[in-house]
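Structure record follows, encoded as structure tokens.
Values below: all heavy atoms of this structure, side chains included; hydrogens, waters and symmetry mates excluded.
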Amino acid sequence: MKFDSGSEVGPVDDRASGRRERGKAEKHARIAQAARELFAEQGYEAVTTQQVADRADIAIGTLFRYASTKAELLLMVRNEEFAAAVAEGEAESVDVDDPVQRVLALIAPVIRSGRPSDENLVAYQRELLFGPADAPYRGAGLAIVARLEELIAGVLAGDGPVDEDATAAARAVFAVLHMEIAAPVVRPRTAGVASDALRRQIELVVAGHRARRGNR
């Protein structure tokens, strides 16, 4: 290879770039792990960004290059868990025929994923739905929401196309799921399982969508 002013990038440059990327990935993993541990131990509200930086053994300025706020740290951590829960629900629901039970199977891992840290999941939902529009991890989280709604809409559509009604009904399911997640703030319920109220609401959404489709 050439190494003059108009040269191609050489192997030394490639190795240096690879080391930088590995270093960034290693720091990202340390930050995420530190934030995950601290949120689990103390709850979201009690944790400070300085504590996360100390646990990850990095400077606070370095932390802010990866996540500019505590809310972004929470989104970073919970997005990974949310995506895993959606993938788990998709796998668990494949062989379920009844649409109500299939939707419940889709969302069950999302409900379970917040236990026993309800405070953290509620905070995550708040930042996901109402956080700053330009927050990068919020955008990634909303993409996961869109994927979950897409899966629910597919269940509701059955063998037919996913139309506007199926999409709207799927959004209604996510809305009641959001309220289910927030429920521990208002009233206690059995950890890790869908409440009777959530089941009934999903039954109504499915029945309403079926009725509308049947009347066309």
Query raised in the report: Under a 4.0 Å N-O cut-off, is there an ion pair linking Glu164 with Arg212?
Result: no

Requested in this report: Report the C-alpha distance between Glu88 and Arg112 in whole Å, list the side-chain angles of each, state the deciding distance to 0.1 Å, and finish with yes or no for side-chain contact (heavy atoms from CB on, under 4.5 Å).
Outcome: CA-CA 11 Å; Glu88 182 182 349; Arg112 292 197 302 265; 2.9 Å; yes

Report task. For residues Ala105 and Glu92, report the shortest heavy-atom separation together with the two atoms involved. Result -> O-OE1, 4.1 Å

Requested in this report: Taking Thr167 for its side chain and Asp163 for its backbone only, find out whether a donor-acceptor pair lies under 3.5 Å.
Outcome: yes

Report task. Work out which heavy atom in Ala157 is nearest to a heavy atom in Ala166; give both atom names and the distance. Result -> CB-CB, 4.3 Å

Query raised in the report: Between Gly158 and Arg213, which heavy-atom pair has the shortest distance, and what is it?
Result: N-NH1, 4.2 Å

Requested in this report: With the side chain counted from C-beta on, respond yes when Pro99 and Arg210 share a heavy-atom pair under 4.5 Å apart, and no when they do not.
Outcome: yes

Requested in this report: Inspect the contact between Arg22 and Glu26 and indicate whether a charged nitrogen and a carboxylate oxygen are less than 4.0 angstrom apart.
Outcome: no

Report task. Could you tell me how the ring of Phe39 sits relative to the ring of Tyr44: parallel (under 30°), tilted (30 to 60°) or perpendicular (over 60°)? Result -> tilted

Report task. Applying side chain to side chain donor-acceptor pair (under 3.5 Å), run through Ser195 and Glu180 and close with a yes or a no. Result -> CA-CA 8 Å; Ser195 69; Glu180 175 81 356; 2.8 Å; yes

Report task. Check whether any side-chain heavy atom of Arg102 sits under 4.5 Å from a side-chain heavy atom of Asp97, and report yes or no. Result -> no

Query raised in the report: So if you build clusters from Ile, Leu, Val, Met, Phe, Trp, Tyr with side-chain heavy-atom gaps below 4.5 Å, do Leu198 and Val96 land together?
Result: no

Requested in this report: Starting at CD1 of Ile144, measure out to CD of Glu150 and round the result to the nearest 0.5 Å.
Outcome: 13.5 Å

Query raised in the report: When clusters are formed by joining ILVMFWY residues with side-chain heavy atoms under 4.5 Å apart, either directly or through shared neighbours, do Val176 and Val145 land in the same one?
Result: yes

Query raised in the report: Within the distance-only criterion (no hydrogens, no angle test), does the side chain of Thr62 pair as donor or acceptor with the backbone N or O of Ile58 below 3.5 angstrom?
Result: no

Query - Closest non-hydrogen atom pair between Val86 and Arg147, with its separation - result: CG1-CG, 4.3 Å

Query raised in the report: Between Leu106 and Val94, is there a shared hydrophobic cluster once you connect ILVMFWY residues whose side-chain heavy atoms come closer than 4.5 Å?
Result: no

**Report entry** More than 12 heavy atoms from other groups under 6.0 Å of CG on Asp98
**Finding:** yes

Report task. For Leu177 and Leu148, run side-chain contact (heavy atoms from CB on, under 4.5 Å): C-alpha distance rounded to whole Å, both residues' side-chain angles, the deciding distance at 0.1 Å, then the answer. Result -> CA-CA 11 Å; Leu177 173 61; Leu148 177 58; 4.1 Å; yes

**Report entry** Spacing of CD1 belonging to Ile202 relative to CD belonging to Gln101, to within rounding of 0.5 Å
**Finding:** 9.5 Å

Query raised in the report: Listed by chain and number, what are the side-chain hydrogen bond (donor to acceptor under 3.5 Å, both in side chains) partners of Glu81, not counting sequence neighbours?
Result: Arg36, Arg78

Query raised in the report: Quick one: does Lys70's side chain have a donor or acceptor within less than 3.5 Å of a partner on Val47's backbone?
Result: yes

Query raised in the report: Which atoms form the tightest heavy-atom contact between Ala172 and Val205, and what is the distance?
Result: CB-CG2, 4.3 Å

Query raised in the report: Quick one: CD on Glu149 to CG on Leu156, what's the gap to the nearest 0.5 Å?
Result: 11.0 Å

Query raised in the report: Nearest 0.5 Å, what's the CD-CG distance between Gln51 and Leu63?
Result: 12.0 Å

Query raised in the report: Side chain of Arg30, backbone of Asp57: donor and acceptor closer than 3.5 Å?
Result: yes

Query raised in the report: Considering only heavy atoms from C-beta outward, does the side chain of Leu38 approach that of Thr48 to under 4.5 Å?
Result: no

Report task. Among Glu37, Gln50, Gln33, find the one that has a side-chain hydrogen bond (donor to acceptor under 3.5 Å, both in side chains) with Arg55. Result -> Glu37

Query raised in the report: Going by the angle between their ring planes, with limits at 30° and 60°, are Phe82 and Tyr124 parallel, tilted or perpendicular?
Result: perpendicular

Requested in this report: Treating Ile, Leu, Val, Met, Phe, Trp and Tyr as nodes and any side-chain heavy-atom pair under 4.5 angstrom as an edge, say whether Val162 and Ile107 lie in one connected cluster.
Outcome: no

Query - salt_bridge(Glu72, Arg138) N-O dist < 4.0 Å - result: no

Query - Side-chain (Asn79) to main-chain (Tyr137) donor-acceptor, under 3.5 angstrom - result: yes

Requested in this report: Determine whether Leu73 and Val77 make a side-chain contact, defined as any pair of heavy atoms from C-beta on separated by less than 4.5 Å.
Outcome: no

**Report entry** From His209 atom NE2 to Leu204 atom CG, the distance as rounded to the nearest 0.5 Å
**Finding:** 14.5 Å

Requested in this report: Can you measure from CD1 (Ile31) to CZ (Phe64) and round to the nearest 0.5 angstrom?
Outcome: 10.5 Å

Query raised in the report: Of the non-hydrogen atoms in Glu119 and Gly43, which two are nearest, and what is the gap between them?
Result: OE2-C, 3.5 Å

